[in-house]
Amino acid sequence: MCPGYVGIIAMELYFPSQYVDQAELEQFDGVSAGKYTVGLGQARMGFCSDREDINSLCLTVVQRLMERNGLSYDSVGRLEVGTETIIDKSKSVKTVIMQLFEDSGNTDVEGIDTTNACYGGTAALFNAVNWVESSSWDGRYALVVAGDIAVYATGSARPTGGAGAVAMLVGPNAPLAFERGLRGTHMQHAYDFYKPDLMSEYPVVDGKLSIECYLSALDHCYSVYRNKIHAQWQREGSEKRFSLDDFGYLVFHSPYCKLVQKSLARLMLNDFLSHPSPNTVTGPFTGLDVFRDVKPEETYFDRDVEKAFMKASADLFERKTKSSLLISNENGNMYTPSVYGCLASLIAQQTPLQIAGQRIGVFSYGSGFAATLYSLRVTQDHTPGSSLDKLVSSLSDLKARLDSRKKVLPAVFSENMKLREETHHLAPYIPRGSVEDLFPGTWYLTRVDDKHRREYARRPLDDDLPAEPELVRSSGATEHIPSPAKKMPRIPTATASPDAAVSN
């Protein structure tokens, strides 16, 4: 029997301990005031020193999720990583994370890395959900990790960088359950953003084409999603029309915050154009009749359309989307974790009562290009100690964690970018960045040997304790020096149905 209410049970985020202020970066770069802060909608940008790479980010976020939720590593049967930060053309990030599983003796863990720009995390999440719902499921949890370091060459794209990782625990009876059959996907070929030079972290970007691809994918995905939910409703005997009002909240992949605001306006344009007889005298469509005959594919860069529908959707944005941009605004674009950082930001700033029973629309986009709009239904059970209450509580410290970071001068940020550029794929290499500046519990790179093998250690959770033992490589094999940390008991998979109101 297929398990019910499959979705996200727990979430954990990691972002770097240092950031650069975008207003100060404007001055440093010699651009007009407001170009990054107003034009892009960005306040701060997190970045990594040479002490961190994609492996260390993912090690950190996985161990943090397991520790904070009291989970044992043998309770996980699938682990999949979504990333576009490639430091090895063959060996996956997932295999590096498996070092955390060694004390448990659990090597029976399916899954591998999934890559397509910023969409890889969503593909990994879909694979995890499909696994739990399939005949392959063995009753254990799936663990999905999305992580990236977004860096750009000096120029106009650099302020749209960022870094971070998100880990999500997937299983049945989840507080954030996937609505079955409600996904609108659009995939097409385009060279809007790509990374053909494996010796560089920097992408090749066609900025205008990238925006056009993003918005056109949003149009297509929304159309497919609406058709599918209309079909569901018709089978249930309802002729109701779907609109943005049927989403309690909407979160988007966020390359920069202003694009998200424009995206919500774009969905309102879609509602307006698809409505057989919209009210342009009163309500949200007031005064928009002049745009009744526009063709969507001709409006991607139409300032009049954009301005009118951003104004018309301003209230919706405040109520349904704005709170999701906390991480994006304060840390920047994280690529694959971006949309899930937005989801976590939304949850962190609501009470369980506020989001209970709500439908959350999620739009994920990856250049090249691939996109999906899907929806999650939040459980109705918001009582103290419920799975929803635990999820909200676990994310409630996001703002405090952001505020605890260290601000560095733009010149220091620039020096770090130059160092990463010069040492990317360098071997042998000893990192120069400060370990003391990292958050407690952060995994970091200790060295790269002459065969490009990377070694890591963990900064202790308590500064009075010695550092975690290194994960040491010798003779081409991996030898793990066991940590004295106490193993947590395995948490059995729940079987009780949370509530009948959650639609699957």
Side-chain angles (χ1 to χ4, degrees), residues 3-9 11 119 121-130 132-133 144 146 166 168 170-186 217-236 238 240-254 260 263-264 266-268 270-271 274 313 316-317 319-321 323-324 338-347 350 354-365 370-381 387-388 391 498-504:
Y5 310 105
V6 176
I8 301 169
I9 297 172
M11 298 182 74
Y119 188 80
T122 293
L125 181 58
F126 287 173
N127 288 344
V129 170
N130 292 343
V132 174
E133 292 181 343
V144 176
V166 174
M168 294 172 280
V170 175
N173 308 307
L176 304 180
F178 277 73
E179 292 198 284
R180 290 184 181 170
L182 295 183
R183 295 184 196 170
T185 292
H186 181 75
L218 180 62
D219 288 347
H220 284 95
C221 290
Y222 189 44
S223 176
V224 173
Y225 180 93
R226 282 185 310 185
N227 289 340
K228 288 185 177 180
I229 199 167
H230 285 157
Q232 278 194 6
W233 286 352
Q234 286 173 355
R235 288 194 295 270
E236 296 166 0
S238 172
K240 178 185 174 183
R241 291 189 56 80
F242 184 88
S243 73
L244 291 179
D245 290 334
D246 293 296
F247 286 122
Y249 300 95
L250 286 116
V251 300
F252 300 80
H253 169 62
S254 179
V260 170
S263 296
L264 187 66
R266 185 83 192 172
L267 292 183
M268 178 172 273
N270 276 266
D271 275 358
S274 65
S313 62
L316 277 178
F317 176 74
R319 291 186 290 110
K320 296 178 183 288
T321 300
S323 63
S324 72
S338 172
V339 68
Y340 300 104
C342 290
L343 177 61
S345 296
L346 170 69
I347 295 167
Q350 316 297 323
Q354 286 175 315
I355 61 173
Q358 296 290 339
R359 170 182 285 125
I360 302 176
V362 181
F363 177 67
S364 178
Y365 174 83
T372 298
L373 174 65
Y374 65 93
S375 55
L376 300 168
R377 180 70 83 167
V378 185
T379 177
Q380 293 280 7
D381 184 4
S387 60
L388 178 59
L391 177 63
D499 53 76
V502 177
S503 172
N504 262 340

Kindly compute the distance separating [atom1] ([X]) from [atom2] ([Y]), expressed to the nearest 0.5 Å.
| X | Y | atom1 | atom2 | answer |
| --- | --- | --- | --- | --- |
| Arg319 | Ser313 | CZ | OG | 11.0 Å |
| Gln234 | Ile229 | CD | CD1 | 11.5 Å |
| Leu346 | Gln354 | CG | CD | 9.5 Å |
| Ser387 | Asp381 | OG | CG | 6.5 Å |
| Tyr119 | His253 | OH | NE2 | 12.5 Å |

Exercise for review: List the steps and the verdict of side chain to side chain contact (heavy atoms under 4.5 Å, CB included) for Leu388 and Ile355.
Suggested key: CA-CA 9 Å; Leu388 178 59; Ile355 61 173; 3.7 Å; yes
If you compare all heavy atoms of [X] against all heavy atoms of [Y], which two are closest, and at what distance to 0.1 Å?
| X | Y | value |
| --- | --- | --- |
| Phe247 | Ile360 | CD2-C, 4.3 Å |
| Leu343 | Ile8 | CD2-CD1, 4.0 Å |
| Ala174 | Ile9 | CB-CG1, 3.8 Å |
| Ile347 | Met11 | CD1-SD, 4.3 Å |
| Leu244 | Met268 | CD1-N, 3.6 Å |
| Glu179 | Leu376 | CG-C, 4.4 Å |

Taking the side chain from [X] and the backbone from [Y], do they hold a donor-acceptor pair closer than 3.5 Å?
| X | Y | result |
| --- | --- | --- |
| Lys228 | Gly184 | no |
| Gln232 | Arg180 | yes |
| Thr321 | Leu250 | yes |
| Arg377 | Gly357 | yes |
| His230 | Arg241 | no |
| Ser274 | Asn270 | yes |
| Ser345 | Gly341 | yes |

Looking only at side chains, do [X] and [Y] share a donor and an acceptor under 3.5 Å apart?
| X | Y | value |
| --- | --- | --- |
| Tyr374 | Ser364 | no |
| Ser375 | Tyr225 | yes |
| Tyr365 | Thr372 | no |

Exercise for review: Could you tell me whether Arg226 and Asp271 make a salt bridge, using a distance below 4.0 angstrom between a side-chain N and a carboxylate O?
Suggested key: yes
Point to revise | Residues Arg359, Asp246: salt bridge by 4.0 Å N-O rule | key: no
Heavy atoms, side chains only, cut-off 4.5 Å: are [X] and [Y] in contact?
| X | Y | answer |
| --- | --- | --- |
| Phe363 | Ser263 | no |
| Phe126 | Arg183 | yes |
| Phe252 | Leu218 | yes |
| Val224 | Thr185 | no |
| Pro172 | Val132 | yes |

**Study point:** Residues Leu176, Thr379; criterion side chain to side chain contact (heavy atoms under 4.5 Å, CB included); working and verdict
**Key:** CA-CA 7 Å; Leu176 304 180; Thr379 177; over 6 Å; no
Review point. So Phe178 and Tyr5, side chain to side chain contact (heavy atoms under 4.5 Å, CB included) or not? Walk me through it.
Key: CA-CA 7 Å; Phe178 277 73; Tyr5 310 105; over 6 Å; no
Check your understanding: Hey, mind stepping through Leu125 and Tyr340 against side chain to side chain contact (heavy atoms under 4.5 Å, CB included) and telling me if it holds?
Key -> CA-CA 11 Å; Leu125 181 58; Tyr340 300 104; 3.6 Å; yes
